[in-house]
Every structure is written in C-alpha cells, then in structure tokens.
Amino acid sequence: MKRTQKDWASEFRIYLREIPPKVFSCVELEPLFDNLRRRKILPSRLSYNKFLAEVISRNMINKTNIRYVGKANSRRKEFIRYTYKSPSSFSIALSLRSRSYLSHISALFLHGLTEQPPETIIVNKEQSAKNSSNELTQAGIDRAFKKAARQSNYIWAWKDSRFILLNGKQTGDFGVINIKIDTGEHLRATNLERTLVDIVVRPSYSGGVIEIVEAYRRARKVLSTKKIVQILKRLDYAYPYHQSIGFVMERAGFEKQQLDLLRNEGINFDFYLDYQIRNKAYDDTWRLYFPKGL
C-alpha cells in the first residue's frame, strides 16, 4: 500500500510525541529525514528542504534564531535551531556547541542553590590541553588579581536570555553529569562539588561573592569536603583556590573538621577571593583578601 503525505506526517508526529521538548540543529534533523526515507514513509519527491518547510508550516517544529550580541570578532552572527514544544533556555544554550555543559550560576540553579532563574546562562566547552609550567610567586598572584577578571565576549541572545560561551580548562569533562528537569529534558551540567569549585574560581560568572557564600550555606548539609579536595587536585589549578573555598565555607558555617581538610593543603601565599577588589579586608587564618563588609 502506497503511503500518503498524511501518513508520513502522522509518523513524524508519533516520533515527536515520544520525546521531551527538544532542540535540533539542521544537521541533527537530517538523520531522521534519512530514516523516514529508508523506511519509505516519505514520498520520494520530498527533498530535505521541502521536508523542513512542511514540518514548520504544519507547526510540528518551530524555527528560531539565536543572535550574536558579543563584542568579539565572530564570523558567525546567528544560529538557526528547530524546536519541538517549548524547550528551556538551557537546552537552547547547550545546542550552540557540541559537548558543552552548563556551569557556574546556571549549574547553581539546577542544583537548587540559587532561587533566581539566571537570565544569563553560562555554557562551557573545554579547550584542548595546554602546558602550564609557570612557577607561582606572590608578585605574580598580586599582579594577576589587581586586574579585572577576563570575560568572554562570545555572547548570544534568544528571547529574554543571554548565553555566554566559555572556553574552559581541559578536564576531560570531569564532574559533568546529566540532570533531568521537570520538562523531561536532560541537561549536561557540572555536579554539585564541581559547581561549588567553579563558582569560587570565577565569581563574575556566579552572581558575585555574596551569592557564592549563600550557595555554600545552602549546600552545607550535602556538600562533601573530601570531594572538593579531590576535585581541586584533579583540576590542578596553579592558584591556591583551596584558601578561597575554606574562607567561604567558614563564612557559611561549616564544621572545623571540614575546614581542616582544606587547611591541610597548605597556606603558603596571600590570595584573593575575587579579582580587582576595590575595598579589601584581610583574613589572617586563610591569608585571603576579600571585599570589606562581606
């Protein structure tokens, strides 16, 4: 029996009903089209472009544009994506680059450690591995943290959301998990402890130092300090971020035994909770400069 155009549209609707809200790139829809062609569900006269036009005109999927609004010299000015139902801004953000994941303030929200849904979504895609053999000195630390933190200029806009694309340190996607949200969407994001390390490393992508202390306070009953130390060892940062994390945990009310795990990593330098702190205070225990009034 020869299939009609109505038949293939019905088949496509059945396929869509079995998946949660989803974002497709043009390339990701092609295998589906090829599969329908192989099963002789699609009319032979129907090209891929006509297929796309048909499913859009029938409101099976919607076409949406994500615009570039950053200041970097980006060759690409927009992404075109095809959406089924109403995927979250997180899914739209993750669709921009393969093997990317949500981090910093975005991951904080997914873990329930901040109440305000972020209008700016942070998406990380790791760089290739790089060698770093510079010896750490106090003068080098002071010089680096007197400057403003580096900010990504790869910024994209979709509806009321902005997406900041980071090129993060190569970790082999260490601590990246899938988080299922209420809509059924599966989102790649950093796990709890990796998130809590990342926000201290880059406060500017995390809501600022006050938000960071509050996130640690909310995580106090579920956070594993041993895992924090393991992550710091695995990520092998040049800077002594364990001092910043210890200070934040102390402010958030963690037990002395937990804090001692971080003190045992050694406190050999004066360090900074954030870049370019205008009005500094100093904590002797952690040898840490932080914003006065925190």
Side-chain angles (χ1 to χ4, degrees), residues 70 101-124 126 136 140-155 162-169 171 175 189-220 223 225 228-229 231-232 235-254 259 262 265 267 269-283 285-294:
Y101 54 85
L102 301 165
S103 62
H104 299 84
I105 191 73
S106 307
L108 269 188
F109 177 76
L110 293 176
H111 289 294
L113 298 179
T114 183
E115 294 177 352
Q116 187 65 31
E119 292 180 1
T120 298
I121 294 174
I122 310 298
V123 187
N124 197 355
E126 297 185 355
L136 193 62
I141 293 172
D142 295 339
R143 188 164 52 249
F145 282 82
K146 281 178 182 177
K147 302 174 185 176
R150 288 177 297 173
Q151 297 287 316
S152 172
N153 282 315
Y154 290 98
I155 305 171
R162 292 196 322 153
F163 310 138
I164 296 181
L165 307 188
L166 306 182
N167 295 311
K169 177 184 174 72
T171 73
T190 48
N191 67 18
L192 178 69
E193 282 81 13
R194 171 71 194 273
T195 300
L196 289 168
V197 169
D198 285 348
I199 64 174
V200 171
V201 172
R202 277 303 181 91
S204 58
Y205 294 135
S206 313
V209 293
I210 293 174
E211 181 70 40
I212 289 168
V213 173
E214 184 58 32
Y216 271 80
R217 185 174 290 118
R218 289 174 174 168
R220 194 169 50 198
L223 172 63
T225 311
I228 290 285
V229 173
I231 287 170
L232 285 170
L235 299 185
D236 193 26
Y237 284 110
Y239 293 126
Y241 288 111
H242 65 280
Q243 293 173 223
S244 302
I245 292 172
F247 171 84
V248 169
M249 288 175 66
E250 188 170 63
R251 290 298 171 108
F254 280 75
L259 301 177
L262 292 158
E265 293 301 300
I267 301 178
F269 295 96
D270 288 336
F271 195 49
Y272 298 80
L273 186 58
D274 200 356
Y275 287 83
Q276 209 174 45
I277 301 172
R278 300 294 183 188
N279 297 306
K280 295 193 294 284
Y282 184 73
D283 185 281
T285 304
W286 295 102
R287 293 184 62 179
L288 190 83
Y289 292 102
F290 61 95
K292 194 174 288 185
L294 179 64

Hey, can you tell me if Phe145 and Tyr275 have their rings parallel, tilted or perpendicular (30° and 60° cut-offs)?
parallel
Interatomic distance, Glu193 atom CD to Ile245 atom CD1 [nearest 0.5 angstrom]
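One finds 11.0 Å between CD of Glu193 and CD1 of Ile245.
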Could you grab the distance from atom CD1 of Ile141 to atom CG of Leu136, nearest 0.5 Å is fine?
4.0 Å
Verify, without hydrogens or angle tests, whether [X] (side chain) and [Y] (backbone) share a donor-acceptor contact under 3.5 angstrom.
| X | Y | result |
| --- | --- | --- |
| Ser152 | Leu165 | yes |
| Gln243 | Phe269 | yes |
| Arg220 | Phe254 | no |
| Tyr154 | Ile164 | no |

Can you confirm whether the side chains of [X] and [Y] place a donor and an acceptor under 3.5 Å from each other?
| X | Y | value |
| --- | --- | --- |
| Ser103 | Thr190 | no |
| Glu211 | Thr114 | yes |
| Tyr289 | Asp283 | no |

Nearest atoms (heavy-atom pairs only) where [X] meets [Y]:
| X | Y | value |
| --- | --- | --- |
| Arg217 | Ala252 | N-CB, 3.6 Å |
| His242 | Leu262 | CD2-O, 3.4 Å |
| Tyr239 | Ala144 | OH-CB, 3.3 Å |
| Leu273 | Pro203 | O-CG, 3.6 Å |
| Tyr237 | Lys169 | CE2-CD, 3.8 Å |
| Ile121 | Ser106 | CA-OG, 3.3 Å |

After noting the C-alpha distance and the side-chain angles of Phe271 and Tyr241, does the key distance pass the ring-ring contact (aromatic ring centres under 6.0 Å, His included) rule?
CA-CA 8 Å; Phe271 195 49; Tyr241 288 111; 5.4 Å; yes
Indicate yes or no: does Arg251 engage Glu214 in a salt bridge with an N to O separation below 4.0 Å.
no
Closer than 4.0 angstrom, basic N to acidic O: yes or no for Asp198 and Arg202?
no
